[in-house]
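This is the structure, below, for whatever I ask next.
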Amino acid sequence: MPDWIVSLLQLLALPEVGLSTVFVVAFISATLLPMGSEPAVFALIKLSPELFWPVIFVATAGNTLGGAVSWAMGLGAHKVVDKARHTHTPHPRALRWLERFGPKACLLSWLPVVGDPLCAVAGWLRFPFWPCVAYMAVGKLARYLTMTGALLWVFPGGLPL
């Protein structure tokens with residue numbers, strides 16, 4: 001591996017830069033891009049166990065902000081469709097059951113595969129922004145605590161290389 005790549009990887013592993021890296025990875029993984037942030041969170045916690053809570057909170061903040069962007073994309077898409085059709089877009093039956101739950105449905109934003117699109121659907125359905133963000137944050141915090149705790153339980157001493 002070229003020296004510059006090794007140097008870059010070492011720089012990104014430093015706690016000062018690692019937290020911002022976790023934020024960016026968590027943010028990007030909460031949009032509709034297929035990417036997971038758990039490996040970055042787990043790696044930084046294994047490198048610097050004293051940063052457990054800062055890493056969890058930074059990852060939660062980044063992931064929640066990414067979910068808020070997805071919410072805004074869903075709202076924007078709905079407005080564009082309504083404007084193009086010159087009418088209000090009816091909701092398919094599959095979305096109507098989400099309307100019963102309202103912003104509380106965003107608690108499920110932590111789920112793999114369906115969680116990130118769920119944030120966009122919440123925007124599409126015009127759920128109130130701040131309650132959605134609050135429920136996203138709770139769900140995402142629970143996911144990071146659960147996933148990181150499980151990984152630390154499975155790999156308590158260190159990863160076999």
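The chain is numbered in sequence order, starting from 1.
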**Study point:** Separation between NE2 of His78 and CE of Met73, rounded to the nearest 0.5 Å
**Key:**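 Rounded to the nearest 0.5 Å, the NE2-CE separation comes to 15.5 Å.
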**Study point:** Where Val22 and Ala59 come nearest, the two heavy atoms and their spacing
**Key:** CG1-CB, 3.7 Å
**Study point:** CA sep, side-chain torsions, deciding dist, call: Lys79, Arg126, side-chain contact (heavy atoms from CB on, under 4.5 Å)
**Key:** CA-CA 10 Å; Lys79 287 181 179 180; Arg126 298 179 180 168; 4.2 Å; yes
Review point. Are Ile28 and Ile56 linked, directly or through other ILVMFWY residues, by side chains that come within less than 4.5 angstrom of each other?
Key: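 Yes; tracing contacts between hydrophobic side chains, which count when under 4.5 Å, links both residues.
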Check your understanding: Looking at CZ of Phe42 and CG of Leu47, how far apart are the two atoms once the value is rounded to the nearest 0.5 Å?
Key ->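 One finds 10.0 Å between CZ of Phe42 and CG of Leu47.
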Revision key, fill the gap. Contacts satisfying ring-ring contact (aromatic ring centres under 6.0 Å, His included) that involve residues 52-75 (not counting sequence neighbours) are Trp53-Phe57, Trp71-Phe129
Exercise for review: Return yes if some donor-acceptor pair links the side-chain N/O of Thr64 with the main-chain N/O of Ala61 below 3.5 Å, else return no.
Suggested key: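 Answer holds: no.
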Practice item. State yes or no: do Tyr135 and Leu75 share one hydrophobic cluster built from I, L, V, M, F, W and Y residues joined by side-chain heavy-atom distances below 4.5 Å, directly or via other members? Key: no
**Study point:** Atom of Ala26, atom of Ser29 and distance for their closest heavy-atom approach
**Key:**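 Residues Ala26 and Ser29, closest heavy atoms: O-OG, 3.0 Å.
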Check your understanding: More than 12 non-hydrogen atoms from neighbouring residues, nucleotides or ligands closer than 6.0 Å to CZ on Phe127, yes or no?
Key ->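 Counting other residues, nucleotides and ligands, CZ of Phe127 exceeds 12 neighbours.
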Exercise for review: Supply the atom-to-atom distance Leu107 CG to Lys140 NZ, rounded to the nearest 0.5 angstrom.
Suggested key: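 One gets 11.0 Å once the value is rounded to the nearest 0.5 Å.
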Practice item. Report the C-alpha distance between Val114 and Leu118 in whole Å, list the side-chain angles of each, state the deciding distance to 0.1 Å, and finish with yes or no for side-chain contact (heavy atoms from CB on, under 4.5 Å). Key: CA-CA 6 Å; Val114 298; Leu118 181 63; 5.7 Å; no
Check your understanding: Which pair of heavy atoms, one from Ala68 and one from Met136, lies closest together, and at what distance?
Key -> N-SD, 3.9 Å
Review point. Is there a path of hydrophobic side-chain contacts, each under 4.5 Å between heavy atoms of I, L, V, M, F, W or Y residues, that connects Trp124 with Leu108?
Key: yes
Check your understanding: Are Val138 and Val41 connected in the hydrophobic side-chain network, where two residues link if heavy atoms are under 4.5 Å apart?
Key ->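 No, no single cluster joins them.
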Review point. What closest approach, in Å, do Gly67 and Cys119 show between heavy atoms, and which atom pair accounts for it?
Key: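 Taking Gly67 first and Cys119 second, the nearest heavy atoms are O-CB, 3.5 Å.
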Pair up each side-chain donor or acceptor in residues 143-156 with any protein partner under 3.5 Å, not counting sequence neighbours, and list the distances.
{"unit_1": "Arg143", "atom_1": "NE", "unit_2": "Glu38", "atom_2": "OE2", "d": "2.9"}
{"unit_1": "Arg143", "atom_1": "NH2", "unit_2": "Asn63", "atom_2": "OD1", "d": "3.2"}
{"unit_1": "Tyr144", "atom_1": "OH", "unit_2": "Ser37", "atom_2": "OG", "d": "2.5"}
{"unit_1": "Tyr144", "atom_1": "OH", "unit_2": "Asn63", "atom_2": "ND2", "d": "3.2"}
{"unit_1": "Thr146", "atom_1": "OG1", "unit_2": "Ala142", "atom_2": "O", "d": "2.7"}
{"unit_1": "Thr148", "atom_1": "OG1", "unit_2": "Tyr144", "atom_2": "O", "d": "2.8"}

Point to revise | Closest approach of Asp116 to Thr31 (non-hydrogen atoms, all atoms of both residues) | key: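 Smallest interatomic distance, heavy atoms only, reads OD2-O, 3.5 Å.
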